[in-house]
Amino acid sequence: MENYPSMRMSQLFTRTLRQAPAEAESEGHRLALRAGLIRQTAAGIYSYLPLGWRSYRKIEQIIREEMDAIGAQELSMPVLQPRERWEETGRWESFQPPLFKLRDRRGHSLCLGPTHEEVVTDLVRHHVRSYRDLPLLLYQIQTKFRDELRPRGGLLRAREFGMKDLYSFDATEDGLDESYHQVAKAYERIFDRCGLPWLAVEADSGPIGGKESLEFMLLGPAGDDEVVRCGQCGYAANREKARARKVHIAQGAPASLYEVSTPGVKTIAALAAFLGIPEHKTLKAVFYAADGRLIFAVIRGDLTINEVKLRNLLQCQELRLASDEEVKLAGLVAGSASPVGLTGIPIIADDSVADGNNFVAGGNRSDIHLVNVNYPRDFTAETLADIALARDGDGCPRCPGSLQITKGLEVGHVFKLGTLYSEPMRATFLDRNGHEQPVLMGCYGIGIGRLLAAAVEQNHDERGIIWPQAIAPYTIHLCALGVDNGNVHQAAEKLYTALRDSGHEVLFDDRLESPGVKFNDADLLGLPLRVVISPRTLSNDCVEVKRRRDKSSTSTSYGSLVQRLPEWLRS
RNA sequence: CGGGACGUAGCGCAGCUAGGCCAGCGCGCGGCGUUCGGGACGCCGAGGUCACGGGUUCGAAUCCCGUCGUCCCGACCA
């Protein structure tokens, strides 16, 4: 047997595939399958094969080191969690769609943990008594379960996935700020060490809740999120959170209201074309059902409603577009609906409606629109707020610059939770003055499989993966050509031993395969450094060295390889 | 959950519309031989409950009904 960090390809449990399984969509997913990193077991459920698992564990280890470095303590919490704990926070119902629920033989309800706020808060309330016990950073690397409505993109959105989750507990707001800052800094080091270019962006906190939150994104076309960035001041936010300066529409004097006949005109585009006016001179009406209650949302015609902003504003669980029946039942005329003269239905208006004037809006009668609608002269909203989706080219909310939208892939998320969980679960401590206070919490996640998938997604060429060195399954691909030649065989074995003994992680292709097969597999697997030994190199007493990301190779003398390796592996 | 598609060997697919000869092809896999610096070649060979259950029929991979699984598009997320 050989020692742990190296492997012979003739022994490796896995096989490279020439053709990717049909279920793979993205290039990264195809490569992960073809290279034999993972294999799908069921929808959104994957097995890691030895190569993939090595990378996974390297990522895990980097995370572990950085968490430990900021004084966090590792523990392990159960996957199987009792219903009662989730009822304390109300999430048994509110986390609804993705929560995996089950019953034991006595009919007792349990769930498979999608996250661990409830469990960790329970632990802390039993152990923390005093401000002297704080601050506290606890983390685990644990499998999570989420019954996603639709698993997708291989490891990118799985139903079972590995995640590092850390929770911070502080006595004061300043303390929480400090913990949050510490963890965010550690995250930066983690992604740097993994060799992945990241961007931290302001984010919405979603179902985890909380007030302040940052997402760590990898930018690139494979992303399923949209990132809004200012080229000048560095403002960056998830598009669902992003604020923007709306293009200001010049004001004229408010003119008097009148009706216009608009036969068959149902959409903003049609309305603008029919009347020969720009879309930003119209008002758009959109109807939502917020926890079953009908909402009339109004926004300037050229803008789009940001449903996340709207949901946060309404503080509702469920927000969806209202059905045709619901709209009809409320007496609204789709296509000509108007906030003017509307009663009985709450109106939520984007602040853009107060910025311009003399808009064209619906007339609440089929084929009739109103001209010169002005806010607040002709209608008022229950709430006037920013509910618009930021657009490419909009103004930066912080500086005179303008915003651009790019694709991003979320690999980490940090939240300030405050007392969102400690209050309902009564996780309290006694402060300096002997007063009982709820603990201030933060929570911080990194999806490990997702990070692995993202790394492959963003580091490949047409031949295969190009691993960042820190998370490659092995660092050196030792490729022996013509191993049936006794001299080559002997020299290659010697080299393999020498490389291992000098502490390198080597994948040794000792198979009796043709050169083409070996080179193609080496490119597919994408280890950072390829070393070729063959009758040809050996006749010159050489080996050939090539970095995966480089085009060409160089030779070095057989004897000098081990000594010279650092210059190839550096950076 | 709504809309669409698919399920035939480890992987990629054909056959199904107009039921019927031994269920095929490429890759991969095993043996022998010739090759050997970018997925070599020849010969021989192994491997299939045609997703599952029911039905129609003399006869079903093929037609009908049901179930399950998988993928894609939309709303949710690390």
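Just so we're on the same page: letters track the sequence lines, and every chain starts at 1.
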Using only heavy-atom distances, decide whether a donor-acceptor pair under 3.5 angstrom links the side-chain of [X] to the base of [N].
X      : N     : answer
A/R150 : B/G3  : no
A/S534 : B/G37 : yes
A/E544 : B/G37 : yes
A/R18  : B/C27 : no
A/N485 : B/C36 : no

Which one, [options], comes nearest to the side chain of [X]?
X      : options             : answer
A/Q40  : B/U70, B/A75, B/A78 : B/U70
A/F161 : B/A78, B/G37, B/C29 : B/A78
A/L481 : B/A75, B/G37, B/G39 : B/G37
A/Q19  : B/C73, B/A78, B/G12 : B/G12
A/R146 : B/C27, B/C77, B/G12 : B/C77
A/D224 : B/G37, B/A40, B/C77 : B/C77
A/R530 : B/C29, B/G38, B/G37 : B/G38
A/R450 : B/C11, B/A78, B/C72 : B/A78
A/D521 : B/G39, B/C77, B/G38 : B/G39
A/R39  : B/A78, B/C71, B/G10 : B/G10

Give me the distance, rounded to whole Å, that separates [N] from [M] when you measure between the [atom1] atoms they each carry.
N     : M     : atom1 : answer
B/G7  : B/G12 : C1'   : 14 Å
B/G26 : B/G66 : P     : 38 Å
B/G3  : B/C21 : C1'   : 42 Å
B/G59 : B/G47 : P     : 29 Å
B/A60 : B/C43 : P     : 37 Å
B/U17 : B/C63 : P     : 5 Å
B/C27 : B/C41 : C1'   : 16 Å
B/C11 : B/G54 : C1'   : 32 Å

Does A/R243 pair with A/D386 as a salt bridge, N-O distance under 4.0 Å?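 Salt bridge flag = no for A/D386 with A/R243.
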Using 4.0 Å as the upper bound for N to carboxylate O, is an ion pair formed by A/E118 and A/R91?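 Salt bridge present between A/R91 and A/E118.
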Would you please classify the geometry between the [Y] ring and the [X] ring as parallel, tilted or perpendicular, with 30° and 60° separating the classes?
X      : Y      : value
A/Y444 : A/Y180 : tilted
A/Y46  : A/H29  : perpendicular
A/F415 : A/H413 : parallel

Select base, sugar-phosphate, or nothing to describe what A/D484 touches, counting heavy atoms under 4.0 Å on all strands.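 It contacts base atoms.
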Assign A/A158 to base, sugar-phosphate, or nothing according to its heavy-atom contacts below 4.0 angstrom with the strands shown.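 It contacts base atoms.
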Quick one: look up who [N] pairs with, Watson-Crick or G-U, both distances under 3.5 Å, and put none if it's unpaired.
N     : result
B/U34 : B/A40
B/G10 : B/C27
B/G19 : none
B/A51 : B/U67
B/G74 : B/C1

Option from A/T16, A/T14, A/I465 for which side chain to side chain contact (heavy atoms under 4.5 Å, CB included) with A/L525 holds: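 Result: among A/T16, A/T14, A/I465, A/T16 is the only option passing the side chain to side chain contact (heavy atoms under 4.5 Å, CB included) with A/L525.
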Rounded to whole angstroms, how far apart are [atom1] on [X] and [atom2] on [N]?
X      : N     : atom1 : atom2 : value
A/F415 : B/A78 : CZ    : C1'   : 9 Å
A/R30  : B/C11 : CZ    : P     : 15 Å
A/N487 : B/C36 : CG    : C1'   : 16 Å
A/L17  : B/C29 : CG    : P     : 11 Å
A/E215 : B/C77 : CD    : P     : 10 Å
A/R536 : B/G38 : CZ    : C1'   : 11 Å
A/Y46  : B/U70 : OH    : P     : 10 Å
A/L156 : B/C72 : CG    : P     : 11 Å

With the criterion set at under 5.5 Å between ring centres and under 30 degrees between planes, would B/G37 be stacked on A/F519?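 A stacking contact does not exist, since A/F519 is not both close and nearly parallel to the base ring of B/G37.
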Validate the cation-pi geometry between A/R54 and A/Y474: distance from NZ or CZ to the six-membered ring centre under 6.0 Å, angle to the ring axis within 45°.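 Satisfied, under 6.0 Å and within 45°.
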Flag this pair as yes if the NZ/CZ of A/K144 is under 6.0 angstrom from the six-membered ring centre of A/F161 and inside a 45 degree cone about the axis; otherwise no.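 Pair A/K144/A/F161 does not count as cation-pi.
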Assuming nearest nucleotide by heavy-atom distance, tell me which of A/E25 and A/T16 is located more 5' along RNA chain B.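 Here A/T16 is the residue nearer the 5' end.
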First encountered from the 5' end of RNA chain B, between A/G412 and A/P151: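 Mapping each residue to its closest nucleotide by heavy atoms, the 5'-most match is A/P151.
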Would you say A/R311 places a side-chain N or O within less than 4.0 Å of OP1 or OP2 belonging to B/C76?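 Looking at the OP1 and OP2 atoms of B/C76, one of them is under 4.0 Å from a side-chain N or O of A/R311.
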Looking at every non-hydrogen atom in both residues, tell me the closest pair between A/E493 and A/F508 and how far apart they are.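 Scanning both residues, the minimum pair turns out to be OE2-CE2, 3.7 Å.
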